[in-house]
Amino acid sequence: MSARFRIVHFVPDPFAGSRIAIAAIVNVNGRWELARARSLPGVACAGGLRAYSTMQMILERLSATERFDRLPFSIGPQAVLGEEIEVPTGVSDPAAWVEAMVLPRLDDPDDQKDTKPRGPHRETLGYQVLQHYGVGEIVHRHLKTEGIPGVAAKAANDISHYVSGKSEVLLMEPVIATRANLSQDLTSISETFLAWRKLLELSPAKRHPRFIAYVMGPVAGFTEAQSVLRTAADMIVDIDNRSERTRFIEEIRRIGSTGGGSQTSFLH
Amino acid sequence: MDLIVGQIERVEGLVDFERVPVMTASEPTYAMDSSGRKWIRKSVLHTVHEPLLAEALGWLLARALGVRTPDGAIGGEGDGLSWLSLRVDGVTHWHPSSIHFIKNAKELGRMLVLDVVILNEDRHEGNILLQPNPDQYNLVAWAIDTGGALIGFPESFAQAGMALPSIAKLARGIPVELVADEARATALQATTFSPYLLRRFVEEACQIAGEPKDGILLEALSARMKGAPDLTEKYLQSIEQRP
């Protein structure tokens, strides 16, 4: 097996010249794989929150790497490729070897505690996006199970966003596919939707509920959302897709315009 | 050089650092001035004078139209004469998946009007910078680099009449639904620029680039500014209809 790799360096400040190894592109018999550093600098070491966030964006976009000789154009000027280096012969998994032997790693996970910013909540980000497209006034936040007859408070997680119309209600959850804990998010959304479905079966709503997940981020995240939420959601919207986004926003406007209030009691 | 009131700063004492690691014919380098300001420097040695004219005039119009663009300046002389763009710290290039988090997305409408007016067909992903402010969920978009606009070639610019810029290289995913209103308002604003102001811009940019055909340029630019609403509407349509 012939394998070579090139390290991807994040350059927080080209004037100071410092470089941080964050990943590597590994070429194995002409096919490339991505090796990611198991240890990344925290906010302070990266040069502040802006630099840290830029580094995160670069890492997200590395998944679009298609070539060994250059980085995806969208990564911009603050990441560069290192020289081509050979992987020693006899290594059976070159990408894993580069991750373990070459890229930065910390053996003790405690060493990296508190170095990552918490970042905004998924619900908050989703609502910001809905505001961005001009439907923030129509969409309500945090639908609770209180108010459903015969249902105990906190019988299920809140629904992040909802739009109530005359005969329909949209129950919506945002999916931020770039979040590190995407799988956990999707599992949680699935459980929430399924729990609400059960509750509304037991105590039927006056308005027809539709469960919608709206996904932003890489295609791989949308695919994972489709897989995990296929039984729990009525609709999974890729809002990175302009036509899907337009239909989704128009649907929110259409349902919202028929009026339905913002109280949990609208369900019953 | 001081006969007209210059809007574009002249910067002295530049020191070059590394080349900016992007693929472009202008071969930009990082540079720093004596006060510590960090610039992206494009020397006429690599760009010749036409892009310098396009950069200077594009920048003056960008500022007047409210396009978010970094500070611009002129540095050096002779072969070292350079267009300087203040470095925007911590950026990636444009990517459609980031549009939901761009806080000044509407301002991209202003950028489109600028591109219509100066016939800029070079608004690719690398010429829209995304800057976390402070994080990746709160981004600021910056428009950079008008060096490829046809306005740098006065005769060709005049011959183009009221042609629209091609969108072949335009960054994909610009959300027309979000930017259209701002674009239309900015296009109307463009029609109100006084002949005096436009003349001042053209004269200053031509003086910097050593371009003698400022009369042709002023006439063509004035016509496009007056026609900006119609041109912008057609440009938005062409973007919206792009497959």
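Note on naming: letters A, B, ... go to the chains in the order of the sequence lines (proteins, then strands), and numbering restarts at 1 for each one.
- Residue B:Leu129 does not touch chain A at all, counting heavy-atom pairs closer than 4.5 Å.
- Here A:Asp13 is the residue among A:Ile58, A:Asp13, A:Val11, A:Thr246 with the most heavy-atom pairs under 4.5 Å with chain B.
- If you measure heavy-atom distances from B:Ala171 to chain A, you find no contacts under 4.5 Å at all.
- B:His93 contributes a side-chain N or O that, together with a main-chain N or O of A:Phe73, makes up a donor-acceptor pair within less than 3.5 Å.
- With B:Tyr137 as reference, A:Thr178 is the one residue of A:Thr178, A:Thr124, A:Val129 to meet the side-chain contact (heavy atoms from CB on, under 4.5 Å) rule.
- Within the 3.5 Å criterion, the main-chain N or O of B:Val91 finds no donor-acceptor partner in the side chain of A:Arg50.
- Side chains of A:Pro77 and B:Tyr30 form a contact here, defined as non-hydrogen atoms less than 4.5 Å apart.
- Proximity to chain B (any heavy atom under 4.5 Å) is restricted, for A:Ile176, to the side chain, taken from C-beta onward.
- Applying the 6.0 Å contact sphere to CD of A:Glu86 captures no more than 12 heavy atoms from other residues, nucleotides or ligands.
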Do any side-chain atoms of residues 172-181 of chain B form donor-acceptor pairs under 3.5 angstrom with protein atoms, and if so which ones, sequence neighbours left out?
from	atom 1	to	atom 2	distance (Å)
B:Arg172	NH1	B:Pro243	O	2.9
B:Glu177	OE2	A:Arg245	NE	3.0
B:Glu177	OE2	A:Arg245	NH2	3.0

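- The part of A:Ile75 that comes within reach of chain B is its backbone (N, CA, C, O), which places non-hydrogen atoms under 4.5 angstrom from that chain.
- Looking only at heavy-atom pairs under 4.5 Å with chain A, the residue among B:Ile99, B:Leu130, B:Asn138 that has the most is B:Ile99.
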